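Just so you know, these numbers come straight off a predicted model, no measurement behind them. A note on names: the letters A, B, ... follow the listed sequences, proteins ahead of strands, and every chain is numbered from 1.
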Amino acid sequence: MRALNIVTGVAAPMMLANVDTDVITPMQRLVNLHNADLGKWAFEPLRFVSTPPLGQEDEGERVENPEFVLNQPTWRNAPILLAGPNFGCGSSRETAVWALDQMGFRVVIAASFGDIFEANCFQNGVLPIRLPNEQVEQFAALARQVPTEGQQFQVDLEQCMITAPDGDKQKFEVDSWQREALLSGRDAIEQTLTRAGAIKSWQAKDMEQRPWVWKAI
Amino acid sequence: MSTKTLFDKLWDSHVIEHLGGAQYLLHVDRHLLHDGSGPGALRDLGRRGLPVHNPELTFATPDHFASSAPGRDDNSTRHGARLIPKLRELCARNDITNFDLNDEGFGIVHVIGPESGLTLPGLMIVCGDSHTCTHGAFGALAFGIGSSEVMHVLATQTLVANRPQTMRIKLNGSLPKGCYSKDIALALIAKLGTGAGSGFAIEYAGDTISELSMESRLTLCNLTVELGAKTGVIAPDKTTLDWCASRLPGEHLAALSNACDELVSDADAVFDIEHEFDVFKLAPQITWGTSPEHSIDVARSTPDPADAPDAQTTKAWQEALEYQGLKQSSPIMGTPIDHVFIGSCTNSRLSDLRAAAAIARQGKVDKDVEAWVVPGSMAVLRAAEAEGLDEIFKAAGFQWRLPGCSRCVAMNGEIVAPGKRCISTSNRNFVGRQGPGARTHLASPATAAACALSGAIADPREYGVSE
C-alpha cells in the first residue's frame with residue numbers, strides 16, 4: 001500500500017449529506033469500465049449532464065455539469081475532499097475509493113462515513129478523517145474563498161494535525177494501528193501473517209469448544 | 001463484575017488479538033463469496049502465491065450476475081458469461097464449496113446462508129456485500145467488507161476491524177394490519193436517519209422481536225446497514241433454535257443451544273445509545289425519494305422541502321422530488337407506476353412471497369405494469385411452487401422468474417429504464433440504483449403487490465391483508 005504522511009493542497013467542498021457509493025461508482029456503469037477508468041467516470045449522476053448509454057462507454061461524449069464542485073477549475077486537482085455527513089454510505093464496493101484515489105484525493109474529511117467505505121479507505125492509502133460537521137463546514141467556507149498560494153490546507157498524519165489556510169490548527173484522531181499502517185504503507189496481509197501462530201492456536205482451541213462451527217453442511 | 005451486551009460477547013469471543021485503539025484481529029467463522037467479490041480476490045490471492053487459509057469455512061454463490069430469466073445459464077448475461085465460470089473454476093481449484101447457478105442450493109447469498117444452516121448463532125460471518133448484516137438476525141456477528149478485506153480473509157481467515165459502539169433499539173407492540181418488518185425498518189430509518197447508526201452496532205430488542213418469525217428478523221437486520229450501522233443483532237431464542245434444529249446435525253444442536261444461553265445482553269448491560277420505537281402505531285411505508293430515510297406512511301403526502309430541518313436537507317429533498325418526478329406536498333397514493341420487483345436479500349423469502357400472493361390472488365396486474373417475482377433461492381422457489389404460489393402469481397399476470405439479486409442492484413443488466421417508476425421490495429432507492437435515471441420506491445412485498453394490481457402506488461390494507 002502507498003504510504004501517506006503529509007498532504008498539502010486545496011480542499012474541495014462537497015458538503016452534500018449521505019453521498020452513497022452508488023453515486024460515486026454507479027454499478028451498471030462500473031461493470032463496463034476498466035478499473036483504471038473509474039476516476040474518469042466517478043460521481044456520474046452529479047458530474048455530467050449527459051453521458052453515453054450503458055455499454056457504449058467509448059462512444060459519445062460526456063458533458064460536464066459546470067455547477068458541480070469537482071468540475072470547477074479550482075478543485076479539479078484537489079487532494080483533499082471535504083464531505084457531508086455519512087459520506088460513502090451504502091454498498092461495500094471498494095471501487096468508490098479507487099475512483100476517489102484516481103481523481104487525486106488522498107484525504108476525505110467528514111462528520112461520519114459509511115463503515116465499509118471508511119475501512120476501504122485505509123486499505124488503499126486514503127485517509128478518512130472524522131471531525132464534527134460544524135468544523136468541516138468551517139473548512140468548507142474557507143476552501144470556497146478563492147485559493148491562492150499559501151491558502152492551502154495541510155494534513156499531517158504524523159502529528160494528527162490539520163492546518164487550515166488561515167493558519168488555524170485542528171487536531172484529529174485516528175487509531176494508532178491504522179495511523180502506523182498508513183505512515184508505513186505496510187501490507188495488511190503480510191502484517192497479519194506474522195500472527196499465523198496465534199491464529200492457528202485460536203483455531204485449535206475453537207475446534208474443541210465449538211465443533212459445530214467446523215462441521216459446516 | 002463487568003457486564004456485557006450481546007454484541008460485546010459476540011465481538012470478544014472472536015478476538016485473536018487487540019491491536020490497540022479500536023482495532024481488533026477477529027476470527028472469521030464463515031466467509032461468503034459471490035461472483036462480484038470472489039473472482040478478483042481469488043485471482044489476486046493466487047498471484048501472490050498465497051493459499052486460501054480455510055476453504056472449509058468459505059462458501060460461494062454467483063448470485064449477483066445471474067440472470068433471472070427462465071431458462072437462464074452462465075451466458076444469459078454479458079458479465080455473468082465471464083464471471084460465473086470464473087468463480088466456478090477458482091472455487092474448484094481452491095476447494096471452496098460453490099452453490100453454483102441452477103444447483104438446488106443456489107440463491108442470494110444472504111438467503112442461502114440461513115436456509116442451509118451455514119448461518120448459526122454466535123458465528124462471525126463476513127462477505128463482500130454490505131447486506132451481510134442480515135445474518136445478525138441469528139445472534140451472529142455479521143457485516144460487510146470491501147474487496148481488499150475479502151482477500152485478507154481468504155489469506156488469513158481473520159479480519160482487522162474497528163470495534164463500534166453499541167446501540168439498542170427497543171421495539172414495542174405487535175405489527176398492525178398490513179405492516180411487516182420491512183415497514184418497521186423503513187419507518188425506523190425515516191425517524192433516525194441513514195447516518196444514525198454510523199459507528200454503532202445495533203441490538204434489536206423489545207416484545208415485538210419475540211413475535212417476529214426468523215424471516216421477518218432477517219428483513220429487519222438486512223436493513224440495518226441503511227441506518228449506517230456496522231451490524232444489527234437479535235438475541236437467539238426459541239424461534240432461532242427451532243430454525244436451526246432442522247439444519248444442524250443433532251449431536252451439535254444441544255451444544256449450540258447451551259452456547260445460546262450466553263448470547264443475550266446482561267440485564268444491567270449499558271448501551272452507548274438507546275432508542276425506542278412503537279411498532280403498534282406503524283402504518284405501511286413507502287419511500288418517496290432517493291434515500292431509504294425518505295420513507296412515509298403510504299396514505300400520507302410527499303414532504304414540503306420548506307419543512308426540512310436545515311437548508312442542506314431542503315435542497316436534498318427538492319432534488320429527490322425532482323429526480324423521482326413527484327410534486328411536493330401531494331398524496332403519494334395514486335402515482336402511476338411502470339414496474340414492480342418482488343425480490344432481493346431483503347424480501348424474497350417464502351413468507352414474503354406468501355404475503356404478496358395473498359394480494360396477487362385478488363386481481364390482475366395492471367396492463368401498464370410489468371411485475372416480477374424473483375424468489376431468493378432455489379429452495380424458496382421450490383417451496384413456493386409446492387404450495388402453488390407460482391400459479392397464483394402467473395394467473396395474476398406476474399412474471400415468475402429464477403433466483404438471484406436481479407433488479408435490486410441490476411449488475412446483471414436487468415435495469416429499469418430512465419424515468420420509469422419501480423416499486424421494489426429491495427433495500428436501496430439511491431439515484432441510479434436500478435439503472436440510470438430509474439425511479440425506485442421501496443416497500444414491503446404486500447405493498448408492492450397492491451401497487452402491481454392498482455397500477456399506481458397503493459395501500460395494501462385495501463386488499464384486506466393481515467400478518
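The contact between B:His53 and chain A is made entirely by side chain atoms (from C-beta outward), counting heavy-atom distances below 4.5 Å. If you measure heavy-atom distances from A:Pro26 to chain B, you find no contacts under 4.5 Å at all. With a threshold of 4.5 angstrom between heavy atoms, A:Asn35 does not approach chain B through any atom at all. Neither the backbone nor the side chain of A:Glu180 comes within contact range of chain B, judged by heavy atoms closer than 4.5 Å. Only the backbone of B:Ser13 has a heavy atom closer than 4.5 Å to any heavy atom of chain A. For chain A, the nearby parts of B:His14 are the backbone and the side chain; heavy atoms of each come within less than 4.5 Å. Of the atoms belonging to B:His79, it is side-chain heavy atoms, and not backbone ones, that fall under 4.5 Å from chain A. For B:Val15, the part lying under 4.5 angstrom from a heavy atom of chain A is the backbone only. With a 4.5 angstrom heavy-atom cutoff, A:Phe122 does not touch chain B via any of its atoms. No part of A:Arg29 comes within reach of chain B, as not one of its non-hydrogen atoms sits under 4.5 angstrom from that chain. Neither the backbone nor the side chain of A:Glu44 comes within contact range of chain B; no heavy atom of the residue lies under 4.5 Å from a heavy atom of that chain. For B:Leu50, the part lying under 4.5 angstrom from a heavy atom of chain A is the side chain only. Residue A:Leu54 touches chain B through its side chain alone, counting heavy-atom pairs closer than 4.5 Å.
Side-chain polar atoms of A:Gln178 and B:Asn162 form no donor-acceptor pair below 3.5 angstrom. Under the 3.5 Å distance criterion, with hydrogens and angles disregarded, no donor-acceptor pair is assigned to the side chains of B:Ser198 and A:Asn86.
No donor-acceptor pair under 3.5 Å is formed between the side chain of B:Gln23 and the backbone N or O of A:Ser176. Within the 3.5 Å criterion, the main-chain N or O of A:Gly55 finds no donor-acceptor partner in the side chain of B:Arg78. Side-chain atoms of A:Glu94 come within 3.5 Å of backbone N or O of B:Ser147 as a donor-acceptor pair. With hydrogens and angles ignored, the 3.5 Å screen pairs a side-chain donor or acceptor of B:Gln312 with a backbone N or O of A:Met15.
In this structure, B:Ile16 CD1 and A:Ser201 OG are separated by 8.5 Å, a value rounded to the nearest 0.5 Å. If you take CG on A:Asp115 and CZ on B:Phe200, they are separated by 12.0 Å, rounding to the nearest 0.5 Å. One distance of note links CD of B:Glu149 with OG of A:Ser92; it measures 9.5 Å at 0.5 Å rounding. The line from CD of B:Gln434 to CD of A:Gln28 is 9.0 Å long, rounded to the nearest 0.5 Å.
Of all the listed residues (A:Asn120, A:Thr192, A:Thr95), the one sharing the greatest number of non-hydrogen pairs under 4.5 Å with chain B is A:Thr192. Interface remark: of the candidates B:Leu256, B:Ile415, B:Val431, B:Leu256 forms the most heavy-atom pairs closer than 4.5 Å to chain A. In terms of non-hydrogen atom pairs under 4.5 Å with chain A, the most contact-rich of B:Val409, B:Val160, B:Asn427, B:Leu248 is B:Val409. In terms of heavy-atom pairs under 4.5 angstrom with chain A, the leader among B:Pro292, B:Ala410, B:Gly199 is B:Ala410. Contact count against chain B (heavy-atom pairs under 4.5 Å) is highest for A:Asn32 among A:Asn124, A:Leu193, A:Asn32. The most heavy-atom pairs under 4.5 Å with chain A, out of B:Gly228, B:Ala316, B:Gly435, come from B:Gly435. Counting heavy-atom pairs closer than 4.5 Å to chain A, the top-ranked of the candidates B:Gly20, B:Gly432, B:Ala255 is B:Ala255. Residue with the most contacts toward chain A among B:Thr290, B:Thr158, B:Val225: B:Thr158 (heavy-atom pairs, distance under 4.5 Å).
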task: Any chance you could lay out the side chain to side chain contact (heavy atoms under 4.5 Å, CB included) test for A:Arg195 and B:Leu19, step after step, and finish with the verdict?
output: CA-CA 11 Å; A:Arg195 290 161 166 79; B:Leu19 302 170; 3.7 Å; yes
task: Before giving the answer on side chain to side chain contact (heavy atoms under 4.5 Å, CB included), spell out for A:Trp214 and B:Leu57 the whole-Å C-alpha distance, their side-chain angles and the decisive distance to 0.1 Å.
output: CA-CA 7 Å; A:Trp214 298 85; B:Leu57 302 181; 3.5 Å; yes
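With a 4.5 Å cut-off on side-chain heavy atoms, B:Lys230 and A:Ile116 do not count as touching. Taking 4.5 Å as the limit, every side-chain heavy atom of A:Leu30 sits out of range of all side-chain heavy atoms of B:Met411. The shortest distance between side-chain heavy atoms of B:Pro249 and A:Lys215 does not fall below 4.5 Å. With contacts defined as side-chain heavy-atom distances shorter than 4.5 Å, the pair B:Asn54/A:Gln203 qualifies. A 4.5 Å side-chain heavy-atom check between B:Arg428 and A:Asp20 finds every atom pair outside the cut-off. With a 4.5 Å cut-off on side-chain heavy atoms, A:Val31 and B:Phe65 count as touching.
The residues B:Asp29 and A:Arg210 are annotated as salt-bridged, a charged nitrogen and a carboxylate oxygen being separated by less than 4.0 angstrom. Using a 4.0 Å cut-off between charged side-chain N and carboxylate O, A:Asp187 and B:Arg48 make a salt bridge.
Annotation: A:Gln56, atom CD; neighbour count of heavy atoms from other residues, nucleotides and ligands within 6.0 Å is above 12. The neighbour count for B:Gln318 CD, taken as heavy atoms of other residues, nucleotides or ligands under 6.0 Å away, is above 12. With a 6.0 Å radius and a threshold of 12 heavy atoms from other residues, nucleotides or ligands, A:Lys205 has its NZ atom at or below the threshold. Annotation for B:Asn258: atom CG counts as buried by contact number, over 12 foreign heavy atoms lying within 6.0 Å. Around the CD atom of B:Glu322, the shell of radius 6.0 Å holds no more than 12 heavy atoms that belong to other residues, nucleotides or ligands. By the 6.0 Å contact criterion, CD on A:Gln72 is enclosed, its count of non-hydrogen atoms from other residues, nucleotides or ligands being greater than 12.
Here the closest non-hydrogen pair linking A:Ser91 and B:Ser130 is CA-OG, 3.7 Å.
Using a 30° and 60° split on the angle between ring planes, B:His27 and A:Trp202 fall in the parallel class, below 30°.
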